[in-house]
There are 2 protein chains.
Amino acid sequence: MSLSPNLSVYVTSPDSKSDSRDEKIVRELLQAIIDRRLRPGTRLPEDSLGEAFKVSRTTIRKALQKLAQQRLVTMAHNRGARVAQPSRKEAEDVFTARRLLESALIPMVHQHQQTPAYAELHKLVKQEVAAREAGQWQEEVQLSARFHVQLAVATGNLILGEQVAQLTSLSSLIISLYGTSASVGCDCGEHKDLLKLIEENKVEQAQKWMDHHLDKIYRTINTSLDSGEDVDFKSLFSS
Amino acid sequence: MSLSPNLSVYVTSPDSKSDSRDEKIVRELLQAIIDRRLRPGTRLPEDSLGEAFKVSRTTIRKALQKLAQQRLVTMAHNRGARVAQPSRKEAEDVFTARRLLESALIPMVHQHQQTPAYAELHKLVKQEVAAREAGQWQEEVQLSARFHVQLAVATGNLILGEQVAQLTSLSSLIISLYGTSASVGCDCGEHKDLLKLIEENKVEQAQKWMDHHLDKIYRTINTSLDSGEDVDFKSLFSS
DNA sequence: AATATTCAAATTGGATACAATCGTGTATCC
DNA sequence: GGATACACGATTGTATCCAATTTGAATATT
């Protein structure tokens, strides 16, 4: 059961040898997107990307197609690929889905209790706090995302792990698009509290906490902002 | 926001004109897989597929990659693609994820109450019963799957809809692989009961019903059966 | 001067061609 | 006789090529 490229960005996968050329490119692009080095709407021409990665367009297209299926890039016919600009509706859907999934899987984490998973989670919390104190902005965001993914992986269910990983990547993109200054550092360090609740068998409280946590993040994003995505003018100017 | 090919198999999409060549192939292959006309493990050589669909390998490859990302086909390096053979662990994970997701989204369906969605659900139940009574085996399975997907779509959340669609397709594959004779017709017609519970505001009961329903289906599959997937002979014959 | 038409540059979509790799069968060597 | 080495066939991986489409600008037209 091989890991999807999306998951492999978050979990420290020991199988770094099974890198086909295009997966490495997928990971690098993915990383660049969630690091906000590629902003939403940025065009992704196959030629220049191929030149940058020193591969042909064929390989680039394979990578772009994979990202497109994760909704991280959009591909319009004959008009190329660009970094996705999720609509406000889509943003809401993503966070709603996350609240549903991630609070529902907490009982599984508790049930499937495995020491190594908890150790990993504690480590991530530690690193996250350290990154915040060091003012390492990008690192902190990345670690926060990894915490959420790792929690899903701690259920022992890879399917859930991948779904959460995908939603987390989309969240990064959404925050990159609609996020205010508050979206970034507002709620960090608190992950420790969640972990504590789980370990103290306060499962229901932990679920509520997670639901609240994600809702808070969603509320920080500025949904009134225009996304700049393609608008359906036909319905907008129906005279 | 364009539909993924996976969803478009289940929902009656009016935008059948936006079919790029490869999406049509994806849908046909997907349909063949969930209809069991392509059994798990079947090799999918690019040449012969290209010949069958009268397109080049490039297009076939694109289609196969999309299916691979949904875990419906596996692609081994230099050894081609074949219809996936989910491991027993993966089968368990899929159904666990479905129980989590599909029971959790029921409150949303109830909350997002929209008349057309309910009409569609009632229509599907009707057709499902009709198909069963007519003894149309494949049709019935297909309609049952569509019910589950449509329920997720009825939340108004396309992200959830797609995730459930993906899990549903995988379920079909899993049943095709491990399913016993009981896996097929055991629990049909009951979908009506679920719908009734939701409409009567008995949300919690409906959730329990769904959880039970999926658990029942999972229990019908024969997890003791060998999947035929790549086996680790070394550990199997360690003398 | 404003609008419409045409043309050219750039970029993608798809097909073909070549190189790399894997599995299998055969031959050779011990 | 058995095992290793080699080679062949088949199939995939990647690059290149050509046609199709879009986009923007320049020119023509009213």
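Note on naming: letters A, B, ... go to the chains in the order of the sequence lines (proteins, then strands), and numbering restarts at 1 for each one.
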Colleague: Nearest whole angstrom, please: distance from the P of C/dT12 to the CD of A/Gln65.
Modeller: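 It is 13 Å, rounded to the nearest whole Å.
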
Colleague: Whole Å only: how far is the CD1 atom of B/Ile60 from the P atom of D/dT14?
Modeller: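 For the pair B/Ile60 CD1 and D/dT14 P, the rounded distance is 18 Å.
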
Colleague: Among all residues two or more places apart in sequence or in another chain, which pass the side chain to side chain contact (heavy atoms under 4.5 Å, CB included) test with A/Ser172?
Modeller: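 Partners of A/Ser172 by the side chain to side chain contact (heavy atoms under 4.5 Å, CB included) criterion, ordered by chain and then number, come out as A/Ile34.
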
Colleague: Is any side-chain heavy atom of B/Glu92 closer than 4.5 Å to one of A/Asn157?
Modeller: no

Colleague: Using whole Å, what does the distance between atom C1' of nucleotide D/dT11 and atom CZ of B/Arg82 come to?
Modeller: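 Value for this atom pair: 12 Å.
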
Colleague: Does atom CD (B/Gln31) have a neighbourhood of more than 12 heavy atoms from anything else shown, all under 6.0 Å?
Modeller: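 Yes, enclosed.
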
Colleague: Show me the pairs that pass ring pair (Phe, Tyr, Trp, His ring centres under 6.0 Å) and involve residues 55-96 of chain B, at least two apart or across chains.
Modeller: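 As it turns out, the ring pair (Phe, Tyr, Trp, His ring centres under 6.0 Å) pairs with a partner in residues 55-96 of chain B, which skip direct neighbours, are B/Phe95-B/Tyr218.
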
Colleague: Measure the distance from CG on A/Asp47 to C1' on D/dC17 and round it to the nearest whole Å.
Modeller: 13 Å

Colleague: I'd like to compare against my own output: the B/S/- annotation of nucleotides 14-24 of chain C with a strict under-4.0 Å heavy-atom distance to protein.
Modeller: BBBB---SSS-

Colleague: Check the distance between C/dG13's P and B/Lys24's NZ and give it to me in whole angstrom.
Modeller: 18 Å

Colleague: Check whether any side-chain heavy atom of A/Thr168 sits under 4.5 Å from a side-chain heavy atom of A/Phe147, and report yes or no.
Modeller: no

Colleague: Would you call A/Gln163 and B/Leu101 a side-chain contact if the rule is heavy atoms closer than 4.5 Å?
Modeller: yes

Colleague: Output the rounded distance in Å from CG (B/Leu44) to P (D/dT11).
Modeller: 13 Å

Colleague: Only pairs with both distances under 3.5 Å count, Watson-Crick or wobble alike; so what is the partner of C/dC30 in this structure?
Modeller: D/dG1

